[in-house]
Amino acid sequence: MTAVNLAPTKRGFPAGFSEDRLDEIRRLLDTRRTGFSLEAPFYTDDHLFNLDMQAIFGQNWVFACSVAEIPEPGDYVTLDYGPYSLLVLRTDDGGVNVLHNVCRHRGARVLTEASGTTGNLVCGYHSWTYSPDGQLIHASAPGEMEFDKACYSLKQAHGKIVAGLVFLCLADEPPTDFDDTAAIFAPYVAPHELAKTKVAYQQNIIEEANWKLVMENNRECYHCDGHPELACALFPTWGLSDETIPRHLADVWDRNQQAQASLEYRCRRYGLPYEVVEELDTRIAGIRISRESLDRQGESFSADGRRLSKKLLGDLPDFRLGRCSMHLQPNSWFHLLGDHVVTFTVLPINAHQTQVRTTWLVADDAVEGVDYDLETLTHTWKQTNLQDKDFVELCQKGATSPFYEQGPYMKSEYQVEAFINWYVQRMREHVG
Ligand code: 3BY
Ligand code: FES
């Protein structure tokens with residue numbers, strides 16, 4: 001009996017990273033102009049994209065899905081971004097197991113569906129079979145010698161569930177301060193009881209733009225005149241202050257202040273946190289979270305402010321809880337309301353294409369057609385996503401022009417700047 005054992009190969013910079021190219025990237029990072037958009041190669045260059053995948057998506061905690069997408073043991077979702085393909089599986093003990101979806105025989109994708117339920121994982125190519133925790137349990141071939149199957153488990157990544165949100169990290173040693181960030185957001189998210197929600201709808205759109213342009217666009221509302229449906233959420237005044245509010249928004253601003261005061265009063269009564277916590281570039285797992293009112297103390301993302309699902313989430317006491325909104329670096333944002341939750345994940349495909357996954361969650365006992373109408377529930381963010389897609393695609397086109405030059409971020413775009421600061425910092429650390 002011969003045992004075959006191969007030492008694991010070391011992962012380094014992807015092919016094409018000559019010292020010269022790294023020097024060029026270091027120069028671009030070092031000469032980054034604070035307060036300005038990035039130089040064009042950050043949005044267009046394939047090598048920089050590969051480095052993004054290593055330094056950002058290969059090292060940091062990334063939002064994968066909510067437990068509503070994998071409610072039962074054996075449920076899984078596949079997640080593809082850049083060169084990676086991951087399986088996120090619910091385990092028997094209610095935890096999560098994250099495996100690289102790369103067969104240890106000759107590398108085929110093991111599971112090819114976007115989601116499903118599985119027992120053992122069987123590769124479709126030569127039927128190598130893995131247990132749900134990734135152990136190779138069956139790999140027979142005619143006349144084959146025995147080999148040490150223990151050396152050929154599916155590679156594992158780190159997974160974590162916080163208040164019903166599932167995160168993964170591909171690094172050997174994940175950044176530890178994610179736990180501190182999780183401690184910040186858990187009390188805001190937990191009352192919405194995501195374990196008692198179900199997916200009402202999931203939308204996947206491909207935007208012809210670099211993932212950073214998608215993120216930058218999310219981090220400001222300077223462009224929100226282009227989102228008429230978001231007026232119900234008071235986003236037109238988002239990111240502004242007493243000093244910067246323009247005259248034509250003065251009325252909305254006053255209304256906003258009153259609605260916010262009344263929301264905060266209710267939150268105090270119910271014991272729900274609402275304060276703004278903003279540490280977008282001061283910690284590795286950068287975060288902004290708050291609970292903010294909707295226009296005229298509305299209940300949901302509807303034009304008239306009325307609830308979009310009749311069932312309250314969890315044990316929430318009131319529909320009028322505004323929106324608990326969370327932005328996490330590097331690739332996600334969330335809106336949690338009394339009646340539903342919307343999660344957003346940005347999954348880079350290549351330097352100029354990005355998948356944006358939006359998932360609407362409602363109470364698990366809400367019945368479509370009775371408690372909510374799917375078109376009405378999803379209208380605001382479906383429209384907003386399409387409008388955003390147009391905006392970021394215009395920016396991508398501009399970034400490919402030889403006449404593109406870095407432009408200044410405005411005051412209300414300070415969170416875009418924070419995202420870029422966070423990104424540049426992580427990239428600098430990675431290239432040394
Ligand atoms: O966080 C968000 O989803 C919003 C939408 C518009 C801009 N951004 C701040
Ligand atoms: Fe998976 Fe051969 S590549 S069994």
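One is the number of the first residue; the rest follow in order along the sequence. First listed ligand is number 1; within each ligand, the first listed atom is number 1. Since the model is a prediction, treat every value here as computed from it, not as a measurement. Below, each value reflects all heavy atoms present in this structure, side chains not excepted, and no hydrogens, waters or symmetry copies.
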To the nearest 0.1 Å, how far is [atom] from its closest protein heavy atom, and which atom is that?
atom	answer
atom 7 (C) of ligand 1	E220 O, 3.1 Å
atom 2 (C) of ligand 1	N218 ND2, 3.2 Å
atom 4 (S) of ligand 2	H126 N, 3.3 Å
atom 3 (O) of ligand 1	H335 NE2, 2.9 Å
atom 3 (S) of ligand 2	R106 N, 3.4 Å

Inset, instruction - Take F167 and F178, measure what ring-ring contact (aromatic ring centres under 6.0 Å, His included) needs, and give me the verdict at the end. - result: CA-CA 10 Å; F167 296 85; F178 183 78; 4.9 Å; yes
Inset, instruction - Measure from atom 1 (Fe) of ligand 2 to each N, O or S atom of C103 and report whether any distance is below 2.8 Å. - result: yes
List every atom of ligand 2 that sits less than 4.0 Å from any heavy atom of [X], numbering the atoms from 1 in the order shown and giving each element.
X	value
W128	4 (S)
Y125	2 (Fe), 3 (S)
A108	3 (S)

Legend entry - Side-chain touch E216/Q415, heavy atoms, less than 4.5 angstrom: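 SC-SC contact between E216 and Q415 ruled out.
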Inset, instruction - Check whether any side-chain heavy atom of D52 lies under 4.5 Å from a side-chain heavy atom of F42, and answer yes or no. - result: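 D52 vs F42: side chains apart.
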Inset, instruction - Using a 4.0 Å heavy-atom threshold (strictly under), name the region of W381 that reaches ligand 1: side chain, backbone, both or neither. - result: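 Contact part for W381 vs ligand 1: side chain (C-beta onward).
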Legend entry - Within reach of ligand 1, part of H327 (heavy-atom separation under 4.0 Å): side chain
In plain terms, say whether [X] and [Y] are close enough for a salt bridge, that is, a side-chain N and a carboxylate O under 4.0 Å apart.
X	Y	answer
K311	D364	no
E275	R291	no
E292	R323	yes
E417	R32	yes

Legend entry - CG on L249 to CZ on R255, rounded to 0.5 Å: 10.0 Å
Legend entry - K310 vs D339, salt bridge (Lys or Arg N to Asp or Glu O under 4.0 Å): CA-CA, chis, key distance, verdict: CA-CA 7 Å; K310 288 182 193 150; D339 66 339; over 6 Å; no
Against heavy atoms of [X], which atoms of ligand 1 measure under 4.0 Å?
X	answer
C224	6 (C)
W333	3 (O)
C221	6 (C), 7 (C)

Inset, instruction - Provide the atom name of the closest N, O or S atom of H105 relative to atom 2 (Fe) of ligand 2. - result: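 In H105, the heteroatom (N, O or S) nearest atom 2 (Fe) of ligand 2 is ND1.
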Legend entry - ligand 1 contacted by S325 (non-hydrogen, < 4.0 Å):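 Distance cut 4.0 Å: S325 fails for ligand 1.
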Inset, instruction - Measure from atom 2 (Fe) of ligand 2 to each N, O or S atom of C123 and report whether any distance is below 2.8 Å. - result: no
Legend entry - Exercise: do E69 and Q202 side chains pair donor with acceptor under 3.5 Å: yes
Inset, instruction - Give a yes or no on whether the ring-centroid distance for F57 and Y84 is below 6.0 angstrom. - result: no
